[in-house]
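Each remark here refers to the structure printed beneath this line.
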Amino acid sequence: MTTTTTTTPRSFEADVAKLLHMMVHSVYSDKDVFLRELISNAADACEKLRYEGLSNAALLGDDGQPRITVTLDAEARRLTIEDNGIGMSEDELGEALGTIARSGTKAFMDRIAGAKDAEGSQLIGQFGVGFYSAFMVADQVEVVSRRAGAETAALWSSDGQGTYTIEPVDIAQAPARGTRVLLQLKDDATSYTDAFTIERTIKAQSGHVPVPIFLKDTPDAEPKQIADGAALWTKPKAEISPEDYTDFYRSVAGQFDAPALTLHYRAEGMHEYTVLAFIPETKPFDLFDPDRAGRMKLYVRRVFITDEAEILPRYLRFVRGLVDSSDLPLNVSREMIQDSPVLAAIQKGVSNRVLSELDKLAANDTERYLKLWDTFGAVLKEGLYEDYARRETLLGLARFKTTTSNGEWRSLKDYAAGLKDNQTAVYYALGPDLDRLASSPQLEGFRARGIEVLLLTDHVDSFWAAAGMDFDGKPFKSVTQGLADLSLIALPEGTEPTPPASETVNDFIAFVKTTLGDAVSDVRVSERLTESAVCLVAPDTGMDRQLEKLLAGAGRLETAAKPVLEINPRHPLIEQLGAEGADPALREDAAHLLFDEARIADGELPVDPRAFSARLTRVLGRGLG
Ligand SMILES: Nc1ncnc2c1ncn2[C@@H]1O[C@H](COP(=O)(O)OP(=O)(O)OP(=O)(O)O)[C@@H](O)[C@H]1O
């Protein structure tokens with residue numbers, strides 16, 4: 001160990017300091033994961049070298065065999081993980097270990113800061129804690145690295161308390177190439193110098209990384225190979241156990257759950273490639289991060305090329321795994337790859353296969369499929385407006401809660417089977433949550449006729465539902481948009497049809513329209529209300545009100561369309577207000593109050609809160625007096 005202390009300490013970036021604090025003080029019990037993280041970094045470094053070595057064989061020198069060596073020193077309470085991968089220069093050390101480059105990390109940290117203890121440790125578990133997890137078990141960490149081809153080496157050192165140092169070291173003290181991470185273990189982490197524990201942990205967590213792993217019981221012991229580095233995806237399926245898949249999934253996805261769906265196949269024909277892909281059981285922490293791209297890795301004949309090839313469309317970004325192509329040239333550059341027709345064929349093939357596997361699961365194991373839909377449905381639905389060509393397939397995969405489903409999921413095929421005579425549209429209601437939606441007045445007329453309405457509560461629903469698509473020739477139509485067209489659909493047998501509005505009520509409606517003036521685009525008799533007195537809907541040509549609110553909230557809409565106020569002419573309150581001799585002053589207050597009531601039912605504020613409370617006070621006063 002080197003012990004120069006003259007170098008000026010540098011401070012960690014604020015977020016690293018926060019992450020470290022969290023790591024050190026976390027109640028996170030599964031500390032073993034640090035080993036997986038460090039081995040995964042070592043394997044990545046070996047894969048990067050393998051790739052750079054393709055165009056610059058000199059980097060490999062006379063040591064072409066990638067390898068990770070874990071050395072135990074119980075006496076000194078030290079654990080060392082060394083690789084002969086790409087290594088880091090002094091500058092790279094500073095950039096990599098002192099900052100956080102990973103996208104979404106900041107959002108993750110905010111979430112974790114607001115989470116309760118138990119929930120927090122679960123989040124850390126999902127996050128994949130990276131290099132800094134070393135500080136869960138070590139009170140001093142040193143990283144000595146020598147970049148492939150370089151004649152210099154550097155040492156990074158920190159106690160994880162807020163600062164670190166970086167200094168040059170004599171190359172004799174560094175690995176000939178690659179990185180050595182040395183952990184001075186904490187008092188309560190000495191079990192990590194126990195050969196049995198380490199071997200078992202590595203086999204369980206990292207047994208399938210594509211680089212062989214060796215273990216040295218003591219610094220002077222002979223290295224013993226404990227993992228062969230054979231790429232799991234190249235083995236025949238019959239030789240792979242579910243545990244092997246789970247272990248591999250965890251190392252490739254950086255998640256701690258189990259895969260909900262595993263896809264392992266070899267495509268043959270025009271293009272040959274192997275796919276090993278997983279759909280996780282739980283949501284990755286950054287699923288909705290706008291920067292989050294897919295993380296499928298691309299290999300060419302077992303050489304890792306890139307994880308930025310965007311093999312799957314964005315709406316399948318939760319799928320983790322890899323594709324290993326036999327056709328792409330090994331010397332293909334990362335920049336060129338995006339334009340390759342072979343990659344285009346792979347993208348198409350793998351995307352179609354993922355969707356067809358989902359379809360199969362939906363048909364054969366509904367329970368598992370619905371769980372998966374519950375977790376990732378909101379992301380899959382992005383495909384409805386992003387991937388026109390696969391829209392039909394995606395509509396087939398989509399599941400919905402509806403007004404008649406009692407909390408169960410329904411497919412559009414189920415919906416179509418329950419269409420009423422003369423029903424010309426697939427009706428939906430958009431809103432922030434199921435409870436609010438289920439009680440919205442706009443649904444009353446649909447309910448009275450037993451017409452099923454899809455209840456859409458995901459952010460993405462506002463966009464695809466308004467994209468003008470149809471299912472089985474029936475357009476999607478919002479229940480808050482335009483006329484409800486309900487009169488052609490029969491009421492259930494035994495229900496008396498409601499008589500048309502009386503003349504006096506029609507007069508009152510005309511009065512409300514004059515009173516409200518420009519605040520609304522129309523006031524009219526409602527077909528959709530059966531219980532409530534009033535509701536607001538969008539004009540016939542207008543945008544759904546929820547979508548409009550969303551866009552206006554995001555500053556993407558200059559002026560919102562004026563709503564239409566619909567009035568239930570059969571409601572006793574309306575009948576009384578319409579009756580001959582009703583107090584004109586009361587009618588005027590009522591016109592405004594009814595409009596405000598409809599706004600409130602939609603989750604909005606009254607037009608003018610002060611005027612609203614003055615009117616309410618007046619009306620209540622009249623009631624008492
Ligand atoms: N053994 C190593 N050899 C070379 N570079 C390394 C090594 N270990 C870490 N690094 C560098 O440090 C960076 C930070 O590592 P860290 O584990 O914190 O995050 P990551 O590996 O980028 O992300 P993730 O944990 O999601 O894989 C890596 O991206 C890499 O550039």
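Heavy atoms only: backbone and side chains are in, while hydrogens, waters and symmetry mates are out. Counting starts at 1 for both ligands and their atoms, in listed order.
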>> The criterion is side-chain contact (heavy atoms from CB on, under 4.5 Å); which residues satisfy it with Ser11, sequence neighbours excluded?
In response: Thr163

> With Pro175, which residues qualify under side-chain contact (heavy atoms from CB on, under 4.5 Å), at least two apart?
Replying inline: Glu82, Val144, Arg180

> Are Arg146 and Thr152 side-chain neighbours, meaning at least one heavy-atom pair lies under 4.5 Å?
Replying inline: no

> For atom 21 (O) of ligand 1, which of Ile39, Val181, Asn41 has the closest heavy atom?
Replying inline: Asn41

> Is the ring centre of Phe135 less than 6.0 Å from the ring centre of Phe34?
Replying inline: no

>> If the cut-off is 4.0 Å to any non-hydrogen atom of Glu37, which atoms of ligand 1 fall inside it?
In response: 25 (O)

> By number and element, which atoms of ligand 1 are closer than 4.0 Å to a non-hydrogen atom of Leu97?
Replying inline: 12 (O)

>> Can you classify the ring geometry of Tyr299 versus Phe304 as parallel (below 30°), tilted (30 to 60°) or perpendicular (above 60°)?
In response: perpendicular

Under 3.5 Å, N or O to N or O, is [X] touching ligand 1 that way?
X: Asp83; answer: yes
X: Tyr132; answer: no
X: Phe131; answer: yes

